[in-house]
Student: 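Mind having a look at this structure? Questions to follow.
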Amino acid sequence: MAIERKEIEHIAKLARLDISGEKFEHLAADMQGIVAMVDQLQGLNLDDITDVIDTERKNAFHEDVAVQEYTPEELIAPNAPDFQAGGVAVPRVVE
């Protein structure tokens, strides 16, 4: 399948790209290469391929259990320049 010039211009317009001259030809060649790769994929025989999704497994995730609880003082205070009343104190910026 070949991509026509008007299609490339339309795609460039949608993407708000200003492409002209040599850049346009380079873009057209790249797009033709992409379409050729997709055409190759469509030609693959996938009749013998089975599903790769394990439909027997109901829940692949473990329970989310907190191992250790931390207080804000333990987590934030060591890294904050000024920690007051459970939060980081910042300098006043509005007078």
Side-chain angles (χ1 to χ4, degrees):
M1 177 181 159
I3 298 178
E4 297 178 17
R5 183 178 181 91
K6 67 177 185 172
E7 293 172 323
I8 296 172
E9 289 171 348
H10 180 67
I11 292 168
K13 182 180 177 185
L14 291 174
R16 299 185 190 275
L17 299 175
D18 184 22
I19 300 173
S20 59
E22 187 178 309
K23 289 183 182 180
F24 184 86
E25 297 304 323
H26 183 67
L27 177 65
D30 287 347
M31 292 180 81
Q32 289 291 355
I34 292 169
V35 170
M37 283 189 269
V38 171
D39 285 343
Q40 280 183 329
L41 291 175
Q42 290 178 348
L44 294 176
N45 181 6
L46 302 176
D47 293 336
D48 296 333
I49 305 298
T50 59
D51 291 337
V52 293
I53 298 174
D54 184 6
T55 56
E56 298 299 318
R57 184 175 285 179
K58 300 295 182 203
N59 185 3
F61 303 105
H62 60 82
E63 289 294 321
D64 189 13
V65 179
V67 177
Q68 183 176 359
E69 293 184 15
Y70 295 99
T71 63
E73 289 81 11
E74 292 174 314
L75 293 175
I76 301 171
N79 299 313
D82 190 9
F83 185 79
Q84 297 176 6
V88 178
V90 296
R92 177 182 236 170
V93 293
V94 179
E95 294 186 32

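Quick caveat, the model's predicted, so the values are computed rather than measured. Just so you know, residue 1 is the first one in the sequence shown, and it goes up from there.
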Student: Looking only at atom types and distance, does a side-chain atom of Gln42 sit under 3.5 Å from a main-chain N or O of Asp39, one as donor and one as acceptor?
Tutor: no
Student: In the structure I gave you, are the side-chain heavy atoms of Leu27 and Lys23 within less than 4.5 Å of one another anywhere?
Tutor: no
Student: Could you tell me if the side chain of Met31 sits less than 4.5 Å from the side chain of Val35, heavy atoms only?
Tutor: no
Student: Any donor-acceptor pair under 3.5 Å linking the side chain of Glu25 with the backbone of Glu22?
Tutor: no
Student: Quick one, Phe24 with His26, criterion side chain to side chain contact (heavy atoms under 4.5 Å, CB included). Give me CA distance, side-chain angles, the key distance, then yes/no.
Tutor: CA-CA 5 Å; Phe24 184 86; His26 183 67; over 6 Å; no
Student: Around Asp82, counting heavy atoms of other residues, nucleotides and ligands shown, do more than 12 lie under 6.0 Å from its CG?
Tutor: yes
Student: Please determine whether residues Leu46 and Leu41 belong to a single hydrophobic cluster, defined as Ile, Leu, Val, Met, Phe, Trp and Tyr linked transitively by side-chain heavy-atom distances below 4.5 Å.
Tutor: yes
Student: Side-chain atoms of residues 8-15: list all donor-acceptor pairs with protein atoms under 3.5 Å, sequence neighbours left out, distances to 0.1 Å.
Tutor:
residue : atom : partner : partner atom : Å
Glu9    : OE2  : Arg5    : NE           : 3.1

